[in-house]
Novice: 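Sharing a structure here in structure tokens format.
All ligand and atom numbering here is 1-based and tracks the order in the structure.
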Amino acid sequence: MSHQQKTQLVDFVVTNVNVMTLDPTQPATYGLIQDAAVAVAGSKIAWVGEEADLPDFDCTHTIDGEGKFLSPGLIDCHTHLVFAGSRANEFEQRLTGVSYEEIARQGGGIISTVNATRAASEDELYKLAKTRAEQLMSEGVTSVEIKSGYGLNTESEVKMLKVARRVGETLALTVKTSFLGAHAIPPEFKGRGDDYIDLLCEEALPQVAELGLADAVDGFCENIGFSAEQIAKIFDKAKSYDLPVKLHAEQLSDQSGAELVANYQGLSADHLEYLSESGVKAMKQSGTVAVLLPGAFYTLSETKLPPMDLLREHKVDIAIGSDYNPGSSPLCSLKLMLHMASTQFKMTPEEAVKGVTVNAAKALGLTNKGVIATGFDADFCLWDIQHPTELAYTFGVNPLVKCWREGKLR
Ligand code: NIG
Ligand code: FE
């Protein structure tokens, strides 16, 4: 065919691949298209389909996928990867039977990480966060959510969010930030939770919002965190800045946090081991994603499972995150979460993979990511596997061969 007759200019085409599109409009499991090809123009997917139907693109660069599998870039929709210090001592305490809540009540837990994070410089925090982000990227993560919440005063919360932004600006990784000032009551506000909430609403959140440092506002609704009423005040403030909300809800007890965040059309409710049916229904109504965190379930030796059957029955979208943090989930691997979502939460491997692609994108409001379809961002991973289920089935091997983010090979 002559040059003039060629259809569209694209930058490269990946041929000879089995594409796990995760596109809900594709009927097969994993949205799989076998013997497929994907064309990329700039940062976007220009075409995907069976290779036999590949249009005659004007393209000189073809990559042979060698019959391997291509998935969307993985999305870790819940992390706390900016922090300093270590909680190894608490790990040992918990092994002797001291509970996560007891440690928090004794002034350890989140507050221990707050002390170390406040003392660390922005550069020190950046170095630590960069290493962790690169670890996630090595297993195919192309987008990550990063929370503040270990600063607990205006200055240190701003510092954490600046570090998170810098991670996104310096690595080939999309970063969505969440302001989690309402993570714990800092020592200087002990016994004065309402005063701390006022500080967050009157000073910290306004500053964070004006600096454009947060993409969403989060909170910890729990006995050892904040009441639903206190969280509602933060959410009202978030709304006044047009910031979407999400919530650590029903992790250790049922506080009706899911209903609360659903009332605010929240992006997600996260953890959810103690979620009730009314919470499930409220989430369905508002389109709030259920973000399940098998790493925290496992690390805290939790035995109460999230209500998987109710979530399925009411067709709530389920995402999976690493919750990577030094206390409840010191597990820096989204691949491990795929495995644990299946083995612990009895999610099908397909549900688990949806949880780190299409549904994780929804949990972050990333409308251009999470599936392989025309017009979406060209974020994808080439895996040396024989079946898509291997992404959840194995752990301790890294089958990632190549990874592209917004059309660029990393
Ligand atoms: O998602 N639940 C509250 N926050 C974190 C834990 C933070 C910590 O222990 O440092 C979580 O599990
Ligand atoms: Fe968390």
Novice: Before accepting this row, confirm whether a basic side-chain N of the pair Arg312/Glu351 lies closer than 4.0 Å to the acidic partner's carboxylate O.
Specialist: yes

Novice: Nearest 10° is fine: what angle sits at the Fe ion (ligand 2) between NE2 from His248 and OD1 from Asp323?
Specialist: 170°

Novice: Any N/O/S atom, backbone or side chain, of Asp270 lying under 2.8 Å from the Fe ion (ligand 2)?
Specialist: no

Novice: With His183 as reference, evaluate Tyr150, Tyr196, Phe226 under the ring pair (Phe, Tyr, Trp, His ring centres under 6.0 Å) test and give the passing residue.
Specialist: Tyr150

Novice: Inspect the contact between Glu406 and Lys369 and indicate whether a charged nitrogen and a carboxylate oxygen are less than 4.0 angstrom apart.
Specialist: yes

Novice: Not counting sequence neighbours, which residues clear ring-ring contact (aromatic ring centres under 6.0 Å, His included) with Trp404? List them please.
Specialist: Phe12, Phe380

Novice: Should the pair Asp123-Arg166 be classified as a salt bridge under the 4.0 Å nitrogen-to-oxygen rule?
Specialist: yes

Novice: Please tabulate protein-ligand N/O pairs under 3.5 Å for ligand 1, atom names and distances to 0.1 Å.
Specialist:
| from | atom 1 | to | atom 2 | distance (Å) |
| --- | --- | --- | --- | --- |
| ligand 1 | 1 (O) | His80 | NE2 | 3.3 |
| ligand 1 | 1 (O) | His248 | NE2 | 3.1 |
| ligand 1 | 1 (O) | His271 | NE2 | 2.9 |
| ligand 1 | 1 (O) | Asp323 | OD1 | 2.9 |
| ligand 1 | 1 (O) | Asp323 | OD2 | 2.9 |
| ligand 1 | 2 (N) | Gln251 | OE1 | 2.7 |
| ligand 1 | 4 (N) | His183 | NE2 | 2.8 |
| ligand 1 | 9 (O) | Arg87 | NH2 | 2.8 |
| ligand 1 | 9 (O) | Tyr100 | OH | 2.5 |
| ligand 1 | 10 (O) | Arg87 | NH1 | 2.9 |
| ligand 1 | 10 (O) | Arg87 | NH2 | 3.3 |
| ligand 1 | 10 (O) | Tyr150 | OH | 2.6 |
| ligand 1 | 12 (O) | His271 | NE2 | 3.4 |
| ligand 1 | 12 (O) | Asp323 | OD2 | 3.0 |
| ligand 1 | 12 (O) | Ser328 | OG | 2.5 |

Novice: Side chains of Val353 and Leu22, heavy atoms from C-beta outward: is any pair under 4.5 Å?
Specialist: yes

Novice: In this structure, which one of Val13, Thr374, Ile33, Ile372 forms a side-chain contact (heavy atoms from CB on, under 4.5 Å) with Val38?
Specialist: Ile372

Novice: Taking 2.8 Å as the cut-off, does His80 contribute an N, O or S atom near the Fe ion (ligand 2), distance below it?
Specialist: yes

